[in-house]
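Every number for a ligand or one of its atoms is a count from 1 in the order of the listing.
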Amino acid sequence: MPLQLGDTVPNFTQDSTEGPINLYEYAGDSWVILFSHPKDFTPVCTTELGAVAKLMPEFQKRNVKVLGLSVDSNESHKGWLNDIEETQGAKLNFPLIADHDRKVANLYNMIHPNEDNVFTVRTVFVIDPNKKLRLTLTYPAPTGRNFDEILRVVDSLQMTDKHKVATPVNWKQGEDVIILPSVNNQEAAVMFPSGWKELKPYLRVTAQPKG
Ligand code: BEZ
């Protein structure tokens with residue numbers, strides 16, 4: 001059965017460009033973004049890995065550790081890193097798992113045989129510090145992911161974990177949020193003293209809570 005949101009993610013130990021990685025030890029108390037790409041020395045993946053390396057300060061600000069994966073060997077990965085640095089102007093600053101025996105790919109259902117029965121599709125798993133799965137994304141091989149969107153989801157998850165709010169369509173950090181329908185107006189008055197705008201009893205908009 002594929003992993004579902006809210007599941008505790010399975011642990012693994014696998015080779016990587018930074019030596020053997022045990023997921024739970026690597027994660028510690030951080031969030032983790034585990035993402036797969038189909039193959040080394042491919043153009044879209046090259047741009048993705050460069051972009052993720054450049055976004056590292058943003059991941060760090062959010063206490064997020066990053067872990068890439070492909071089913072190629074460490075030897076192959078190491079050669080490819082030079083190309084990423086040369087073409088994208090960014091040195092890889094996170095481990096890239098060498099899932100040569102497809103241990104992790106199978107555990108996380110990253111191979112979709114009707115798409116390709118050898119290589120992984122582009123998956124993204126956002127894992128919280130309790131090792132719970134909080135987001136999954138699956139993209140096809142020809143389409144590069146939008147990592148700004150993944151950061152946006154992390155912002156939403158981290159904020160909505162702390163406050164009884166949800167984030168509306170296309171929300172970005174600092175914009176208004178929605179008070180959860182499970183919070184009644186009496187409780188809302190205590191939680192959101194600056195008030196809210198009630199468009200419908202179930203649609204109450206308030207400023208993003210601080211902290
Ligand atoms: C790529 O990363 O460029 C790619 C990989 C597999 C199929 C198509 C594109």
Side-chain angles (χ1 to χ4, degrees), residues 1-5 9-10 12-21 23 26-27 30-60 62 64-127 133-155 157:
M1 170 124 149
L3 281 171
Q4 297 185 324
L5 299 190
V9 298
F12 59 79
T13 301
Q14 184 58 294
D15 294 336
S16 86
T17 47
E18 296 186 14
I21 289 270
L23 176 68
Y26 178 70
S30 298
W31 291 67
V32 173
I33 293 178
L34 169 66
F35 68 107
S36 63
H37 55 87
K39 198 169 160 36
D40 292 3
F41 299 102
T42 49
V44 177
C45 301
T46 301
T47 62
E48 286 188 325
L49 291 188
V52 172
K54 287 180 192 165
L55 281 173
M56 190 51 68
E58 295 300 320
F59 292 116
Q60 286 170 337
R62 293 163 175 82
V64 174
K65 290 185 178 169
V66 177
L67 204 43
L69 176 147
S70 90
V71 296
D72 289 312
S73 68
N74 241 342
E75 266 316 284
S76 163
H77 283 359
K78 283 181 179 159
W80 185 34
L81 299 196
N82 297 327
D83 287 3
I84 294 169
E85 189 170 356
E86 182 188 326
T87 62
Q88 307 304 305
K91 197 174 164 69
L92 215 70
N93 46 17
F94 56 89
L96 186 55
I97 293 171
D99 198 29
H100 45 84
D101 56 1
R102 293 166 175 72
K103 179 164 71 181
V104 182
N106 289 329
L107 197 59
Y108 279 73
N109 197 36
M110 291 168 167
I111 295 176
H112 297 195
N114 291 329
E115 183 80 354
D116 189 304
N117 60 13
V118 178
F119 299 116
T120 51
V121 290
R122 294 184 201 284
T123 59
V124 181
F125 297 86
V126 175
I127 301 163
L133 181 62
R134 303 298 298 277
L135 170 86
T136 59
L137 280 175
T138 307
Y139 272 49
T143 309
R145 286 158 283 201
N146 182 335
F147 284 89
D148 290 332
E149 166 61 4
I150 295 161
L151 282 169
R152 190 190 75 87
V153 177
V154 169
D155 284 343
L157 287 170

Side-chain donor-acceptor distances from residues 33-42 under 3.5 Å, at least two apart:
{"unit_1": "Ser36", "atom_1": "OG", "unit_2": "Val121", "atom_2": "O", "d": "2.7"}
{"unit_1": "Ser36", "atom_1": "OG", "unit_2": "Thr123", "atom_2": "N", "d": "3.0"}
{"unit_1": "Ser36", "atom_1": "OG", "unit_2": "Thr123", "atom_2": "OG1", "d": "2.6"}
{"unit_1": "Asp40", "atom_1": "OD1", "unit_2": "Ser70", "atom_2": "OG", "d": "2.9"}
{"unit_1": "Asp40", "atom_1": "OD1", "unit_2": "His77", "atom_2": "ND1", "d": "3.2"}
{"unit_1": "Asp40", "atom_1": "OD2", "unit_2": "Ser76", "atom_2": "OG", "d": "2.7"}
{"unit_1": "Asp40", "atom_1": "OD2", "unit_2": "His77", "atom_2": "N", "d": "3.2"}
{"unit_1": "Asp40", "atom_1": "OD2", "unit_2": "His77", "atom_2": "ND1", "d": "2.6"}
{"unit_1": "Thr42", "atom_1": "OG1", "unit_2": "Lys39", "atom_2": "O", "d": "2.7"}

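Here Asp72 pairs with nothing under the salt bridge (Lys or Arg N to Asp or Glu O under 4.0 Å) rule; sequence neighbours left out. Listed by chain and residue number, Glu48 satisfy the salt bridge (Lys or Arg N to Asp or Glu O under 4.0 Å) test with Arg122 (two or more places apart in sequence, or in another chain).
In plain terms, the two heavy atoms of Thr13 and Lys103 that are nearest each other are O-NZ, 2.6 Å.
Heavy-atom neighbours of Glu149 CD from other residues, nucleotides or ligands within 6.0 Å: above the threshold of 12. Within a 6.0 Å sphere centred on NZ of Lys54, other residues, nucleotides and ligands contribute more than 12 heavy atoms.
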Give one line per pair: atom of ligand 1, protein atom, distance. Only N/O to N/O under 3.5 Å.
{"unit_1": "ligand 1", "atom_1": "2 (O)", "unit_2": "Thr42", "atom_2": "OG1", "d": "3.0"}
{"unit_1": "ligand 1", "atom_1": "2 (O)", "unit_2": "Val44", "atom_2": "N", "d": "3.3"}
{"unit_1": "ligand 1", "atom_1": "2 (O)", "unit_2": "Cys45", "atom_2": "N", "d": "3.0"}
{"unit_1": "ligand 1", "atom_1": "2 (O)", "unit_2": "Arg122", "atom_2": "NH2", "d": "2.9"}
{"unit_1": "ligand 1", "atom_1": "3 (O)", "unit_2": "Pro43", "atom_2": "N", "d": "3.1"}
{"unit_1": "ligand 1", "atom_1": "3 (O)", "unit_2": "Val44", "atom_2": "N", "d": "2.6"}

